[in-house]
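Okay, structure first, notes after.
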Amino acid sequence: MINRPKTHFFQNPENTFFLFSSVAVIIILLSGNIPFFWDNITISEYINFYLSDSFRHIIPPLKTDFGPLTINALYLATCCAIFGKTLLVCHLAIIPVVVGILLETKKISLRFIKPDFLPMVYLLLLFDPAFITQVLLMGYDLFLLYFVLLATRTLLEKKHLLYSISLLLLVATSFRALFFIPPLALIHLMILLRYDKALPQIKDALVYLPALLFLISWSIYHYLLTGWILINPANVVHISINGPAMVVRQLIYILWKITDSGKILPWLFCLLCILMYYRKLRTHKLRLLLWLLFAPLAINSLIMIFLSNPVGHKYFLQTFVFLIILTIYFLQQIHLKKIRIGIFILILAGFFAGNFIFYPQKYGNAWETSLKVLPYFSLEKDLAAYVKQQGICPGDVYSYYPITNNHKLSYLQEDFAYADASHTHIDSCRYFIISNVYNIINPEAIHAKAKKWIPLKHFSSGQVYLTLYKNPAR
């Protein structure tokens, strides 16, 4: 009789992957009625354009167009054309993307950690406020994250064809591929020189050719039809070059975003481990993992600090994935189980608590990358129902983005939208919605005005509130 060593469920990474993929699918199914929100409204605009245009044109109108081919929007529009234009269809459509992210995370993680520790990676990923909220909101950054992880994994495995295809898909999804491809190329060069002990050859450069050719040909095609590339002339305010003062400010914002929402805990833990144990643990694995974490973060930050576009947590999803892997890599080096589990639970609790950190309104509160946003959607529906019940014309009700998003885009339903107060003087508004969800520089001025207005209806839940006021002077 052969005595086989006993194994538990999580020693098989396929079991772990299946379990957490199932959990992710259930989460997506439960989020089927959550609308398009914040920047994701742009994807809804693409979907509505493609369907109304019957896919005759691939470039949308100027207001909607932000430059790239945007194959993720084409994919979602195709799903809606086949199965119906509903929120549930759009949520279901991202299941392959989310499962793909979990699959690539597993394959990359197992290069650095033991299979027993893979559940810890998945738990931290699903507890990460930015990632899980983007899953619930079917965020388009999930597509970028998947292609980046696919590119990273195929680069490490020297699967050059798949690597080249993943870079092509990145470019076809967003011009933010220009943030991701340079660090990948740098890591590629480092692997060749440091690990393969070989000089780069022409064949190594050829893997980048399809993405480069596509970028050039698409840019030419787009320019011939629209007269612009990269920067939409209707959106110049958000994409301009920063001066020295704003460069410093953007750098501070980046440091804030990557340590916010509980991320300060894994950063401190990893930095402490690097300082204390780097010489002892100085292996090829650790060096490579540090490259995968810091090379993209450094290059992305170097680009972002010179651009005026606001820095968001979701821009660092790739960083968060590799930070989690590095955290678990160091945790598995701790042999005392109680200490290891204690540190892990502390970081996990920090991630959960990070969803509910609240800052002064003028600094923004990561509404699209934290779970505190969830009550907003039911409150917004209740407010819309009240406005209809009272016979108030929504065009007479003013507020700020994202409250002013048209239901035709957010819910894929009726044409119902409030007026944008950023284009008018507040004193001329007949009705006004005050909330803590929008980000404005001077919320105090709005609240001061509200003291002179008549409150008609107040809705609140969790950390979110919406209050409808009537201007007595109108």
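- Not one N or O on the side chain of Thr133 forms a donor-acceptor pair closer than 3.5 Å with the backbone of Ala130.
- Scored by the side-chain contact (heavy atoms from CB on, under 4.5 Å) test, Ile82 finds Thr78 as partners (sequence neighbours excluded).
- Checked by atom type and distance alone, the side chain of Ser217 pairs as donor or acceptor with a backbone atom of Leu213 at under 3.5 Å.
- Side-chain atoms of His313 never come within 3.5 Å of backbone atoms of Thr369 as a donor-acceptor pair (strictly under, hydrogens ignored).
- Proximity of the aromatic rings of Tyr401 and Trp38 is defined here by a centroid distance below 6.0 angstrom, and this criterion is met.
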CA sep, side-chain torsions, deciding dist, call: Ile305, Asn242, side chain to side chain contact (heavy atoms under 4.5 Å, CB included): CA-CA 7 Å; Ile305 60 174; Asn242 286 328; 5.9 Å; no
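- In this structure, Lys106 is positioned above the aromatic face of Phe17, its NZ or CZ under 6.0 Å from the six-membered ring centre and within 45° of the axis.
- Side-chain contact check for Asn72 versus Leu142: every heavy-atom pair is 4.5 Å or farther apart.
- Atom OH of Tyr359 sits in a crowded spot, with more than 12 heavy atoms from other residues, nucleotides or ligands closer than 6.0 Å.
- Checked by atom type and distance alone, the side chain of Asn355 never pairs as donor or acceptor with a backbone atom of Ser261 at under 3.5 Å.
- Test Phe66, Tyr140, Tyr75, Phe55 against Tyr46 for ring-ring contact (aromatic ring centres under 6.0 Å, His included) and you get one pass: Phe66.
- Between Phe330 and Phe269, the ring planes lie perpendicular to each other; the angle is over 60°, past the 30° to 60° tilted range.
- Aromatic pair Phe322/Phe294: ring centres not closer than 6.0 Å.
- In Leu271, the CG atom is crowded: over 12 heavy atoms of neighbouring residues, nucleotides or ligands sit closer than 6.0 Å.
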Criterion side chain to side chain contact (heavy atoms under 4.5 Å, CB included) on Arg153 and Lys159, from CA distance to verdict: CA-CA 9 Å; Arg153 193 258 302 176; Lys159 294 181 177 178; 3.8 Å; yes
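- Ser435 places a side-chain N or O within donor-acceptor distance of the main-chain N or O of Val437, the cut-off being under 3.5 Å.
- Ring planes of Phe316 and Phe320: tilted class, angle from 30 to 60°.
- Distance alone, capped at 3.5 Å, is enough to place a donor-acceptor pair between the Thr86 side chain and the Val89 backbone.
- Aromatic rings from Phe127 and Phe131 are positioned such that their centres are separated by 6.0 Å or more.
- The environment of OH in Tyr208 is crowded: more than 12 heavy-atom neighbours from other residues, nucleotides or ligands sit within 6.0 Å.
- Ion pairing between Lys63 and Glu45 fails under the 4.0 Å rule for side-chain N and carboxylate O.
- Tested against Tyr315 for a side-chain hydrogen bond (donor to acceptor under 3.5 Å, both in side chains), the candidates Asp141, Asn309, Asn300 yield a single pass: Asn309.
- Judged as a ring pair (Phe, Tyr, Trp, His ring centres under 6.0 Å), and not counting sequence neighbours, the contacts of Tyr195 are His284.
- A distance-only check finds a donor-acceptor pair linking the side chain of Gln361 to the backbone of Tyr438 [under 3.5 Å].
- For the pair Ser44 (side chain) and Leu409 (backbone), a donor-acceptor distance under 3.5 Å is present.
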CA sep, side-chain torsions, deciding dist, call: Tyr411, Asn405, side-chain hydrogen bond (donor to acceptor under 3.5 Å, both in side chains): CA-CA 10 Å; Tyr411 289 94; Asn405 284 334; over 6 Å; no
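- A salt bridge is defined here as a Lys NZ or Arg NE, NH1 or NH2 lying under 4.0 Å from an Asp or Glu carboxylate O, and Lys257 with Asp260 fails to meet this definition.
- Ring pair Phe20/Tyr122: centre-to-centre distance below 6.0 Å.
- Lys158 and Asp204 are not joined by a salt bridge, as no carboxylate oxygen comes within less than 4.0 angstrom of a charged side-chain nitrogen.
- Remark: Phe83 engages no residue in a ring pair (Phe, Tyr, Trp, His ring centres under 6.0 Å) (not counting sequence neighbours).
- Side-chain contact check for Lys285 and Thr283: no donor-acceptor pair (N or O, by modelled atom type) lies under 3.5 Å.
- At least one donor-acceptor pair under 3.5 Å links the side chain of Asn12 to the backbone N or O of Glu14.
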Verdict with supporting geometry, Ile132 and Leu125, side chain to side chain contact (heavy atoms under 4.5 Å, CB included): CA-CA 8 Å; Ile132 193 61; Leu125 184 60; over 6 Å; no
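- The salt bridge (Lys or Arg N to Asp or Glu O under 4.0 Å) pairs that include a residue from residues 289-304 number zero, where partners must be two or more places apart or lie in different chains.
- Evaluation of the salt bridge (Lys or Arg N to Asp or Glu O under 4.0 Å) test over residues 66-79, restricted to residues two or more places apart or in two chains, returns none.
- Applying the ring pair (Phe, Tyr, Trp, His ring centres under 6.0 Å) criterion to Trp228, with sequence neighbours excluded, gives His222.
- At least one donor-acceptor pair closer than 3.5 Å links the side chain of Gln134 to the backbone N or O of Glu368.
- Using the six-membered ring where Trp is involved, Trp367 and Phe358 have ring planes that are perpendicular, over 60° apart on the 30 and 60° scheme.
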